[in-house]
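The analysis underlying the following values was restricted to heavy atoms, covering all of them including side chains, and did not include hydrogens, waters or symmetry mates.
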Amino acid sequence: MSGPGSSTAADRRFDVNLSILFTELPLLERPAAAAAAGFTAVELWWPWTDSPTPERSELDALRTAIEDAGVRLTGLNFYAGQLPGPDRGALSVPGEESERFRANIEVTAEFARSLGCGALNALYGNRVEGVDPAEQDALALENLVLAARAADRIGAILLIEALNRPESPLYPLVSAPAAVGIVDRVNEATGLGNARFLMDLYHLSMNGEDLPSVIERYAAKTGHVQIADNPGRGAPGTGSLPLEDLLGRLTKAGYDGWIGLEYKPGDRPSAEAFDWLPR
């Protein structure tokens, strides 16, 4: 099963998202479970949904769990509100949520630095009723500039993600061009060039985008890729998305970074949700 790229799935670098897989286990047990399943790398949404600034002991415990498991942290979200839940980020939401995002920036960057994590994902946030979208976009740019600078200080990239309209109707970045437009604005504002597109093939397919075209146009601006099948957001092979072909196209377009497994295991233990992977 090889796509148009010369590589096969066996050559690719897959990491597992511990905020959607292995969630049947307590957070601190998930890195070891990922290692036991054969993974060398993991990624995470911000694990403390109620706190942008958790106690140092909580940060230390998670850092130790990742180090002890012998896995690498390849990606981490900044504070994004209640995720999973009603929120889709905090950085464009005026008032308390924006302040929480700002308070979280250095905490996230320092945690990422301590584990050699090179990619930080900043979810844009939902539109708020009664607030001018232009005001939200101005606030978003301010906060993304702060986040990009913090990422740059630790040698990391800042990721901007497109979500999908059916599941995130209040989120404004629901197409690849919309997210890439923000990437360009942030890079223009900072001059650092470290903002990149997070290409989630599940979200883009839910939007009905032409995925081969998106890959061709934006692979060069892509800093991370995430996958799940569609429909259902399950493991590859549970839906009808031609993921092997799409990943082949990404390779051919020059993308050689990590591919995050951000799918639901379904009604089985997470450890059994990787039978599609080449051994």
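- No side-chain heavy atom of D184 sits under 4.5 Å from any side-chain heavy atom of I182.
- Remark: side-chain polar atoms of T108 are not paired, donor with acceptor, to backbone N or O of I105 under 3.5 angstrom.
- Heavy-atom neighbours of E216 CD from other residues, nucleotides or ligands within 6.0 Å: at or below the threshold of 12.
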Check the pair Q226, L201 against side chain to side chain contact (heavy atoms under 4.5 Å, CB included), reporting the backbone distance first and the verdict last. CA-CA 6 Å; Q226 291 173 332; L201 295 175; over 6 Å; no

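- For the pair R185 and L141, the tightest heavy-atom approach, listed with the atom from each and the gap, is NH2-CD2, 3.8 Å.
- Listed by first and then second residue, the ring pair (Phe, Tyr, Trp, His ring centres under 6.0 Å) pairs involving residues 202-251 amount to none (not counting sequence neighbours).
- You'll find the side chain of D15 stays beyond 4.5 Å of the side chain of L261, heavy atoms only.
- N194 and A148 make their closest contact through ND2-O, 3.0 Å (heavy atoms, listed as atom of the first residue, atom of the second, distance).
- Side chains of L91 and L123 form no contact here, defined as non-hydrogen atoms less than 4.5 Å apart.
- Aromatic ring centres of F274 and F14: separated by at least 6.0 Å.
- The two residues S51 and Y79 have their closest heavy-atom pair at C-CD1, 4.4 Å.
- In terms of heavy atoms, A65 sits closest to P31 at O-CB, 3.7 Å.
- Residue R233 holds its CZ atom at 8.0 Å from CG of N164, rounded to the nearest 0.5 Å.
- Residues in residues 168-177 take part in these side-chain hydrogen bond (donor to acceptor under 3.5 Å, both in side chains) pairs, two or more places apart or across chains: R88-S168.
- Residues K264 and D229 are not paired through a salt bridge, judged by the lack of any N-O separation under 4.0 Å between the basic side chain and the carboxylate.
- The side chain to side chain contact (heavy atoms under 4.5 Å, CB included) check on P236 picks up I227, L243, Y263, W276, with sequence neighbours excluded.
- Every pair passing salt bridge (Lys or Arg N to Asp or Glu O under 4.0 Å) that includes a residue from residues 151-171 is listed here, sequence neighbours excluded: E106-R153.
- Without hydrogens or angle criteria, S92 side chain to Y124 main chain gives a donor-acceptor distance under 3.5 Å.
- Side-chain N or O atoms of R30 include one that pairs as donor or acceptor with a backbone N or O of L25 at under 3.5 Å.
- What you find for A35 and A69 is that their closest heavy atoms are CB-O, 3.5 Å.
- Taking hydrophobic clusters as Ile, Leu, Val, Met, Phe, Trp and Tyr residues chained together by side-chain heavy-atom distances below 4.5 Å, V186 does not share a cluster with I157.
- E97 contributes atom CD, which lies 6.0 Å from atom CG of D87 (distance to the nearest 0.5 angstrom).
- The hydrophobic clustering, which links ILVMFWY residues whose side-chain heavy atoms are closer than 4.5 Å, places L28 and W48 together.
- Side-chain contact between N230 and S240 is absent, with no heavy atoms from C-beta onward closer than 4.5 Å.
- Linking ILVMFWY residues whenever their side-chain heavy atoms come closer than 4.5 Å, directly or via other members, places L250 and V180 in the same cluster.
- Looking at heavy atoms from C-beta onward, R12 lies out of side-chain contact with D256 at the 4.5 angstrom threshold.
- Closest approach of I160 and A179 over heavy atoms only: CG2-O, 4.0 Å.
- Distance check, rounded to the nearest 0.5 Å: CG of L115 to CD1 of I154 gives 10.0 Å.
- Although no hydrogens or angles enter the test, the distance criterion places no donor-acceptor pair under 3.5 Å between the side chain of N207 and the main chain of P166.
- M206 and L247 fall into different hydrophobic clusters, where Ile, Leu, Val, Met, Phe, Trp and Tyr are joined by side-chain heavy atoms under 4.5 Å apart, directly or via other members.
- Proximity of a side-chain donor or acceptor of E24 to a complementary backbone N or O of S270 within less than 3.5 Å is detected.
- For the atom pair F197 CZ and L173 CG, the distance stands at 9.5 Å (nearest 0.5 Å).
- A salt bridge links D275 and R268; the closest N-O separation between the charged side-chain nitrogens and carboxylate oxygens is under 4.0 Å.
- Heavy atoms from other residues, nucleotides or ligands lying under 6.0 Å from CD of E188 number 12 at most.
- At a threshold of 4.5 Å between side-chain heavy atoms, the hydrophobic network of Ile, Leu, Val, Met, Phe, Trp and Tyr places L120 and L62 in one connected group.
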List the atom pairs, with distances to 0.1 Å, where a side-chain N or O of residues 70-78 and a protein N or O form a donor-acceptor pair under 3.5 Å, not counting sequence neighbours.
residue: T74; atom: OG1; partner: V42; partner atom: O; Å: 3.3
residue: N77; atom: OD1; partner: N121; partner atom: ND2; Å: 3.1

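- Atoms CZ and CD, on R63 and E110 in that order, are 7.0 Å from each other to the nearest 0.5 Å.
- Here the CE atom belonging to M199 is positioned 8.5 Å from the CG atom belonging to L211, to the nearest 0.5 angstrom.
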Under the side chain to side chain contact (heavy atoms under 4.5 Å, CB included) rule, what do L18 and F39 come out as? Steps first, then yes or no, please. CA-CA 11 Å; L18 297 181; F39 291 95; over 6 Å; no

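- Partners of E96 according to the salt bridge (charged side-chain N to carboxylate O under 4.0 Å, His left out) rule, which considers only residues two or more places apart in sequence or in another chain, are R100.
- Taking 4.0 Å as the cut-off between side-chain N and carboxylate O, R102 and E99 do not count as a salt-bridged pair.
- Using modelled atom types and a 3.5 Å distance limit, the side chains of N143 and S98 yield a donor-acceptor pair.
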Passes side chain to side chain contact (heavy atoms under 4.5 Å, CB included), L192 versus R149? Steps please. CA-CA 8 Å; L192 296 170; R149 288 180 181 146; 4.0 Å; yes

Please test E262 against W45 for side-chain hydrogen bond (donor to acceptor under 3.5 Å, both in side chains), starting from the C-alpha separation and ending with a verdict. CA-CA 10 Å; E262 198 184 56; W45 301 341; 2.8 Å; yes

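- The closest side-chain heavy-atom distance from F101 to P52 is not below 4.5 Å.
- Within the 4.5 Å cutoff, no side-chain heavy atoms of L44 are placed close to those of N17.
- With hydrogens and angles disregarded, a donor-acceptor distance shorter than 3.5 Å links the side chain of E209 to the backbone of A176.
- Inspection of the D68 and T64 side chains reveals no N or O donor paired with an N or O acceptor under 3.5 Å.
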